[in-house]
Novice: 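Below you'll find the structure I mean.
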Amino acid sequence: LRLPRVTDALTALDYDKADAFVTASFTLKPYVQDGDTRFNVFRLSETDEESALALSKNLPEEFVQKVQATLDSMEA
């Protein structure tokens with residue numbers, strides 16, 4: 001799913017039309033602040049650009065844990 005605006009992507013997450021959204025963190029900052037509980041936000045380290053990954057809170061916890069484990073293995 002490719003959407004033209006950050007707000008479209010966040011709305012898609014809210015309405016279960018998308019499971020995840022990947023973007024540069026500077027594009028996400030105006031819409032999702034630290035501590036925002038609407039989304040699970042993971043920062044991808046070891047990148048040339050500040051990136052962010054937002055997951056719908058409606059995803060099963062098992063899926064979120066798999067994503068986190070994958071991110072953790074990328075840091076190792």
Novice: Which heavy-atom pair separates Ser56 from Ala18 by the least distance, and what is that distance?
Specialist: CB-O, 4.1 Å
Novice: When you compare the side chain of Asp8 with that of Pro4, does any pair of heavy atoms fall below 4.5 Å?
Specialist: yes
Novice: Can you list everything that forms a side chain to side chain donor-acceptor pair (under 3.5 Å) with Asp14? Sequence neighbours excluded, please.
Specialist: none
Novice: First locate atom CZ of Arg5, then atom OG1 of Thr11, and finally report the distance between them rounded to the nearest 0.5 Å.
Specialist: 9.0 Å
Novice: Which atom names give the shortest non-hydrogen contact between Leu13 and Ala20, and what distance separates them?
Specialist: CD2-N, 3.6 Å
Novice: Any non-hydrogen side-chain atom of Leu55 less than 4.5 Å from a side-chain atom of Val67?
Specialist: yes
Novice: Which pair of heavy atoms, one from Asp36 and one from Tyr31, lies closest together, and at what distance?
Specialist: OD2-O, 4.0 Å
Novice: Apply the test side-chain contact (heavy atoms from CB on, under 4.5 Å) to residues Val41 and Phe21: give CA-CA distance (whole Å), side-chain angles for both, the deciding distance (0.1 Å), then the verdict.
Specialist: CA-CA 9 Å; Val41 178; Phe21 172 52; over 6 Å; no
Novice: At their closest point, which heavy atom of Thr27 faces which heavy atom of Ala24, and how far apart are they?
Specialist: OG1-O, 2.6 Å
Novice: How about Phe42 and Val22: do any of their side-chain heavy atoms sit closer than 4.5 Å?
Specialist: no
Novice: If we only count heavy atoms from C-beta on, is the Leu10 to Leu28 side-chain gap below 4.5 Å?
Specialist: yes
Novice: Kindly check if the number of other-residue, nucleotide or ligand heavy atoms within 6.0 Å of CD (Glu61) is above 12?
Specialist: yes
